[in-house]
Structure formats: structure tokens, C-alpha cells
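In this text the structure is predicted, and so the values were computed from the model without any measurement. Every chain is numbered from 1, with letters handed out A, B, ... down the list of sequences.
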Number of protein chains: 2
Amino acid sequence: MSDIASQTYTRADEAFDCLQTAIVKGDLAPGDKIGELDLCARFDLTRGPLREALGRLESRGLLVRRPHAGVKVVSLSTSELVELYRIREVMEGLAARQAAERMTDQEIADLKATLDSHEAMIDEARGQAYYQAEGDYDFHHRIATGSRNTKLAQMLLGDLYYMVRMYRYRLSTSAGRPHLALGEHRRIVEAIAQRDGELAEFLMKRHINAARKNIEKKIQEGVLTI
Amino acid sequence: MSDIASQTYTRADEAFDCLQTAIVKGDLAPGDKIGELDLCARFDLTRGPLREALGRLESRGLLVRRPHAGVKVVSLSTSELVELYRIREVMEGLAARQAAERMTDQEIADLKATLDSHEAMIDEARGQAYYQAEGDYDFHHRIATGSRNTKLAQMLLGDLYYMVRMYRYRLSTSAGRPHLALGEHRRIVEAIAQRDGELAEFLMKRHINAARKNIEKKIQEGVLTI
DNA sequence: ACACCCAATATTGTCAACAATTTGAAATTT
DNA sequence: AAATTTCAAATTGTTGACAATATTGGGTGT
């Protein structure tokens with residue numbers, strides 16, 4: 001949801017939000033060629049705000065636009081997806097390091113409480129799933145904002161987050177290891193609470209590296225096709 | 001310059017290019033509030049393409065847009081500028097590592113030749129300057145593309161490169177150390193040529209860390225105000 | 001059957017006018 | 001004199017129509 005606290009909520013904002021959601025949820029599927037007039041009819045928009053929204057989605061890597069030829073929903077190859085995890089690793093490692101330096105005690109306590117509710121959810125799903133709702137409920141989202149490195153958070157949450165999330169709907173990177181993943185989250189938060197930036201960075205990188213390895217394994221087993 | 005090899009060059013592309021150049025060069029200065037009609041008159045554009053260009057520039061962090069209230073050229077505080085260097089450090093470190101894995105021998109040879117011409121230029125300026133023209137002549141630009149991590153290159157060259165460059169016009173991060181900086185560039189390329197990704201990453205991170213320290217030192221001495 | 005060409009059509013890019021919101025100056029109140 | 005309110009003008013957001021370009025389907029040649 002775009003921030004409307006101090007700004008008006010334009011039709012372009014609205015268009016952006018609903019299109020992004022449609023992409024993340026797969027209603028607009030990777031590789032789909034989508035036309036402006038179709039989108040206008042489907043989402044009750046006019047072309048001006050729609051084009052603004054398309055521009056924003058393109059800048060976030062969710063769409064590919066070709067002048068005069070139209071728009072496609074981005075479709076990452078498996079190797080491109082793996083590359084995203086390489087980038088996440090170094091950037092989220094930095095975010096964890098800076099979160100250790102800058103998060104308030106209250107924020108850390110709140111994050112621990114969120115992890116408790118994550119655990120309750122895993123138990124409820126009998127250890128089969130670890131799904132985090134988009135936004136403040138999501139661990140990685142919280143670390144990025146906790147880093148207080150505005151540009152880093154913006155890049156992580158603006159450029160990478162939704163691309164990764166787009167694929168999360170179709171694959172679980174914590175499959176077979178939700179309790180393990182949760183445990184890793186807890187250890188990262190503990191390092192942050194101890195203000196040990198170096199350890200927090202190390203643990204976060206290891207955590208994302210494990211998710212990447214998980215994906216690579218699935219690709220190799222032929223289980224994962226995109 | 002936008003890629004026109006396989007696409008038409010729209011008026012929006014044109015608007016984007018000239019505005020970005022104006023920002024990087026300081027013709028549109030940090031903090032400037034700029035109006036659409038002014039820009040249209042000044043750059044001989046109409047509002048449609050201009051608004052597209054403004055959207056792109058916003059996504060690159062060069063502008064801040066507020067709905068119904070207009071556009072400002074971004075103005076980074078000194079601490080924000082330093083944070084950019086933290087991000088560059090981890091991302092360009094990764095780029096160097098991946099360049100060591102993926103650059104062709106020819107590309108490496110070409111890069112060395114470019115460094116030779118950099119050296120000639122420093123000598124010509126009597127060791128007072130190390131200025132690299134935007135694009136392929138720029139060492140960092142070359143490493144990012146050499147990484148063959150498309151998304152990484154896009155983020156580095158799309159999101160960070162011009163923001164950093166915007167400030168480079170007003171400060172030299174290799175001030176007092178052009179020969180040293182060039183030497184560091186050479187060592188990074190040597191590590192890449194040796195296909196030693198770990199060393200390339202380490203050296204690149206150190207190099208950017210040194211540039212950051214240089215900036216921090218200037219800030220502390222009160223020499224650098226933005 | 002395949003490759004190429006061309007014209008018509010569909011779709012995207014641009015434009016100018018109207019709608020919506022903010023800004024700043026003037027008037028009013030304290 | 002300083003603070004607040006009001007309102008017209010300036011500026012940004014949106015809309016629908018026209019301009020520009022790519023796509024597609026049909027026709028022709030090999």
C-alpha cells in the first residue's frame with residue numbers, strides 16, 4: 001500500500017498498487033503480454049495513470065516494456081532467480097549489520113514477538129509452511145527498515161522484495177525447513193539484540209545462502225521449473 | 001544514452017537523457033524545485049514525455065516527487081552519501097567477484113588498456129585529478145557489466161551510479177590519491193585476471209571503503225558541505 | 001511447405017484541454 | 001506586529017483524441 005499519510009492518493013498510485021498485487025499473486029503471470037486497453041478495462045483505469053503505474057512497475061523490475069510494442073510481465077530464468085539471491089545475500093547482510101547498530105530495543109522486542117507469532121503459525125500448519133504476509137509481518141522487511149539506511153531499504157523493498165515475492169507464491173524457500181528457517185531468524189535477531197553487527201551480517205548471509213542452495217537443489221532435481 | 005539498438009527512441013527517452021545529464025552536471029542542482037512547465041519550455045518538451053521521464057528519474061532516486069506539489073532534485077545529506085558508499089561496497093564487491101568468474105580474457109585486456117589511458121590522463125593532469133567519463137570508460141561501470149549479473153548491473157548502474165556521479169562533479173573521492181586509486185583499480189583487475197573472485201571482492205570492498213573514508217574525513221574537517 | 005512482402009489494423013506515444021490540488025499573497029483576526 | 005484564514009492563480013493529475021509504430025494476416029514467389 002502506498003504511503004498516503006502526507007500525500008494525496010492518485011489514480012496512478014491506485015493503478016500501481018492493484019497491478020503490483022496482480023503480478024505478485026500471479027493473476028498477471030510471468031511472461032504474459034498485457035495491453036494497456038485490456039488493463040484499463042479490467043482494472044477500471046484510464047491510460048494516463050495506467051502508464052504511470054506501468055513505468056513504476058518497470059522500474060521495479062516487475063515488467064518489461066518495449067516502446068510501441070507493449071508490456072510483458074517479467075519472467076526470470078532459474079539462473080536469474082539465483083542471481084537475485086546473490087544480491088540479496090550481500091545487501092541483506094549489510095541491512096542486518098546496520099540493524100544491529102541502529103534498531104531500538106523496542107523494535108527488537110517487537111520483532112521477537114512477531115517471530116513468536118510466526119512460530120505459532122508454523123505449528124498450526126504442522127510444520128509444513130512458513131508463510132509471512134507482505135509488509136511489516138515479514139522478517140526481511142523488518143530488518144531492511146530497521147537498518148535505517150534509507151536507500152538500502154528502498155532498494156531491497158522496492159527493487160528486490162516484490163520480485164522475490166512473486167516467486168515465493170510458487171515456491172517455498174523454507175520448504176522442508178520451516179523450523180530451521182525460523183531458528184535462523186531468531187539467531188539473527190539475537191545477534192542484533194547483542195549489537196553484534198558482524199555476527200548478524202554473517203548469519204543473515206548464511207540464511208539467504210541456504211535459501212539459495214535450496215532453490216538450486218530444486219532446480220537440479222528438476223522439481224522447480226519457472 | 002538509452003539503448004536504441006533494438007528499440008525506437010521516444011521523446012520520453014530523450015527527455016530522460018537530457019534531464020539526467022542536467023542533474024548529474026548540476027544544471028539542475030540538488031534541492032532545486034522544478035516545475036513541469038519550466039522544464040518543458042527549457043528543454044523543448046511536452047508534458048506527456050516529460051512526466052514519463054520524471055517518473056524514471058524518480059525511480060533512480062535522482063528526483064523526489066510529491067503528488068500535486070511538484071518535483072525536487074534529490075539532495076543527499078552527508079550521512080546519506082556515506083550510506084550510499086556502504087551499499088556500493090557490498091554490491092560492487094559482489095560485482096567484482098562475479099566479474100572474476102565471468103569476464104572474458106578479451107574484456108579483461110580491454111579493461112587494462114582503459115586503465116592505461118586513465119594513467120596517461122592522470123599524468124597529464126599532473127596527478128591532480130582522476131576523472132573517468134561516464135559509461136564504458138568508467139572502471140566501475142565496466143566491472144558491473146562484466147559481472148554478467150543483469151539485475152546487479154542494473155541496480156548499480158541504474159540506481160546508484162548516477163546518484164554517486166551527481167556528487168562526483170563536486171567532490172573527488174580520489175583527491176590526493178589518484179595514483180593510489182589507479183593502483184587499486186589495477187590490483188582489482190589483476191585479481192579478476194587471476195580468476196580469484198574472493199580477492200577481487202576483498203580489494204573492491206577495500207577500494208570503496210577507502211573512498212568512503214576519504215569522504216568521511218572531508219566531512220569531519222568541514223571541507224565538504226553539500 | 002516455407003519465406004518474404006505489404007497493407008490494414010491494433011496498440012502505444014504524444015498532445016492539448018479540462019479537472020483537481022497546492023501555493024502564496026492579501027485580508028482579517030488576535 | 002504576528003498569526004490565521006481566505007481565495008485566486010499556478011501547477012500537477014487525468015482524460016480523450018490524434019499521431020506514430022509494431023503486429024498480424026493474407027497474398028505471392030520459390
Output one line per pair: protein atom, nucleotide atom from nucleotides 6-13 of chain D, and distance, for all N/O pairs under 3.5 Å.
{"unit_1": "D:dT12", "atom_1": "OP1", "unit_2": "B:Glu36", "atom_2": "N", "d": "3.4"}
{"unit_1": "D:dT12", "atom_1": "OP2", "unit_2": "B:Glu36", "atom_2": "N", "d": "3.1"}
{"unit_1": "D:dT12", "atom_1": "O3'", "unit_2": "B:His68", "atom_2": "N", "d": "3.2"}
{"unit_1": "D:dG13", "atom_1": "OP1", "unit_2": "B:His68", "atom_2": "N", "d": "3.2"}
{"unit_1": "D:dG13", "atom_1": "OP2", "unit_2": "B:Arg51", "atom_2": "NH1", "d": "2.2"}
{"unit_1": "D:dG13", "atom_1": "OP2", "unit_2": "B:Arg51", "atom_2": "NH2", "d": "2.7"}
{"unit_1": "D:dG13", "atom_1": "O4'", "unit_2": "B:His68", "atom_2": "NE2", "d": "3.3"}
{"unit_1": "D:dG13", "atom_1": "N7", "unit_2": "B:Arg47", "atom_2": "NH2", "d": "2.8"}
{"unit_1": "D:dG13", "atom_1": "O6", "unit_2": "B:Arg47", "atom_2": "NH1", "d": "3.0"}

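One can place CG of A:Leu45 at 15 Å from C1' of D:dG16, the figure rounded to the nearest angstrom. For A:Lys72 and D:dA22, the NZ to P distance is 16 Å, given to the nearest whole Å. Across the protein-nucleic acid pair, B:Leu50 atom CG and C:dG13 atom P stand 16 Å apart, rounded to whole Å. Distance CG (B:Asp13) to P (C:dT12): 16 Å, rounded to an integer number of Å.
In this structure, the separation between CZ on B:Arg97 and CG on B:Leu94 is 8.0 Å, given to the nearest 0.5 Å. Atoms CD1 and CD, on B:Ile219 and B:Glu216 in that order, are 6.5 Å from each other to the nearest 0.5 Å. In this structure, the separation between NZ on B:Lys217 and CD on B:Gln220 is 10.0 Å, given to the nearest 0.5 Å.
Ring geometry for B:Tyr161 against B:His141 counts as perpendicular: the plane angle is over 60°, on a 0 to 90° scale with 30° as the lower cut.
Remark: A:Arg88 qualifies as a cation-pi partner of A:Tyr85 under the 6.0 Å distance and 45° angle criteria applied to the six-membered ring.
Ionic pairing of A:Glu80 and B:Lys151 is not present here: no N-O contact between side-chain nitrogen and carboxylate oxygen is shorter than 4.0 angstrom.
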